[in-house]
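Below is one structure, written out as structure tokens; comments come after it.
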Amino acid sequence: MHHIYQMFTTMKILIINGPNLNLLGRREPGIYGSQSFDDYLPQLQARFPQVEISYFQSNVEGLLIDKMQEVGFSYDGIVLNAGAYTHTSVALHDCIRAIKTPVVEVHISNVHQREDFRHHSYLSPACRGVICGFGLDSYRLAIEALIN
């Protein structure tokens, strides 16, 4: 029955980017690339016309939590790049556990090739899965995982 329902409704996925990701395209292009997320988002939306993809970015941890709680019982998926909060935030972990919407953790860089403090994620145990190291294409891979 669930599959019949999905045929007639548009899937809703929210991409959430955390601190400093508003600087994509300008921040350390050797690690993060030279394209801004605002330039990339329309490409993602065009690639998945059957999915309503919306976007939210904040540098403030509490606002990320507020947004996840707002959509976490009605959306079909959340793609979360929590930036540095990945390695520090028990509050984001608790939020992901509290909501019903599946969350895929995403990182543009391969965090395991970077500083030791980036090797641990407080979010991974609460998430459906983790994708890292494929540049902005990590977001596409996360959306495909949520669709499938």
Honestly curious: do [X] and [Y] fall in one hydrophobic cluster under the side-chain, below-4.5 Å linking rule?
| X | Y | result |
| --- | --- | --- |
| Val79 | Ile99 | no |
| Phe134 | Ile147 | yes |
| Leu80 | Leu23 | no |
| Leu41 | Ile143 | yes |

Test item: Val106 and Ser138 side chains (from C-beta on) under 4.5 Å apart, heavy atoms:
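Yes, at least one pair of side-chain atoms sits under 4.5 Å.
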Check whether any side-chain heavy atom of Arg47 sits under 4.5 Å from a side-chain heavy atom of Arg140, and report yes or no.
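Yes - at least one pair of side-chain heavy atoms lies under 4.5 Å apart.
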Check: [X] side chain, [Y] main-chain N or O, donor-acceptor pair, under 3.5 Å:
| X | Y | result |
| --- | --- | --- |
| Thr10 | Glu52 | no |
| His87 | His120 | yes |
| Asn148 | Glu144 | yes |
| Ser124 | Ser121 | no |
| Thr101 | Tyr75 | yes |

Would you please name every residue forming a salt bridge (charged side-chain N to carboxylate O under 4.0 Å, His left out) with Asp94, sequence neighbours left out?
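Residues passing salt bridge (charged side-chain N to carboxylate O under 4.0 Å, His left out) with Asp94: none at all.
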Separation between [atom1] of [X] and [atom2] of [Y], rounded to the nearest 0.5 Å:
| X | Y | atom1 | atom2 | result |
| --- | --- | --- | --- | --- |
| Asn22 | Gln57 | CG | CD | 4.0 Å |
| Ile13 | Gln45 | CD1 | CD | 11.5 Å |
| Ile15 | Leu44 | CD1 | CG | 5.0 Å |
| Lys12 | Asp76 | NZ | CG | 8.5 Å |

If only side-chain N and O atoms count, and only distance matters, is there a donor-acceptor pair under 3.5 Å linking Ser89 with Glu61?
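Side chains of Glu61 and Ser89: pair found under 3.5 Å.
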Side chains of Tyr85 and Asn59 only: does a donor on one sit below 3.5 Å from an acceptor on the other?
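No, Asn59 and Tyr85 have no side-chain donor paired with an acceptor closer than 3.5 Å.
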Side chains of residues 62-74: which donor-acceptor pairs under 3.5 Å do they make with residues two or more places apart or in other chains?
from, atom 1, to, atom 2, distance (Å)
Lys67, NZ, Glu70, OE2, 3.2

For residues 97-106, pull every pair meeting salt bridge (charged side-chain N to carboxylate O under 4.0 Å, His left out), keeping only residues two or more places apart or in separate chains.
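Non-adjacent pairs meeting salt bridge (charged side-chain N to carboxylate O under 4.0 Å, His left out): zero.
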Passes side chain to side chain contact (heavy atoms under 4.5 Å, CB included), Val104 versus Cys127? Steps please.
CA-CA 6 Å; Val104 175; Cys127 289; over 6 Å; no
Under the side-chain hydrogen bond (donor to acceptor under 3.5 Å, both in side chains) test, residues paired with Asn110 that sit two or more places apart:
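Partners of Asn110 by the side-chain hydrogen bond (donor to acceptor under 3.5 Å, both in side chains) criterion come out as none, since no residue qualifies.
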If we check side-chain contact (heavy atoms from CB on, under 4.5 Å) with Val103, which of these qualifies: Ile78, Ile16, Leu14?
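Among Ile78, Ile16, Leu14, the one that satisfies the side-chain contact (heavy atoms from CB on, under 4.5 Å) with Val103 is Ile78.
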Rest of the hydrophobic cluster containing Tyr122 (Ile/Leu/Val/Met/Phe/Trp/Tyr, side-chain heavy atoms under 4.5 Å)?
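Hydrophobic cluster check, Tyr122: joined to Val90.
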Show me the pairs that pass ring pair (Phe, Tyr, Trp, His ring centres under 6.0 Å) and involve residues 45-68, at least two apart or across chains.
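Only Phe37-Tyr55 qualify under ring pair (Phe, Tyr, Trp, His ring centres under 6.0 Å).
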At their closest point, which heavy atom of Ser109 faces which heavy atom of Cys132, and how far apart are they?
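Heavy-atom minimum between the residues: O-CB, 3.6 Å.
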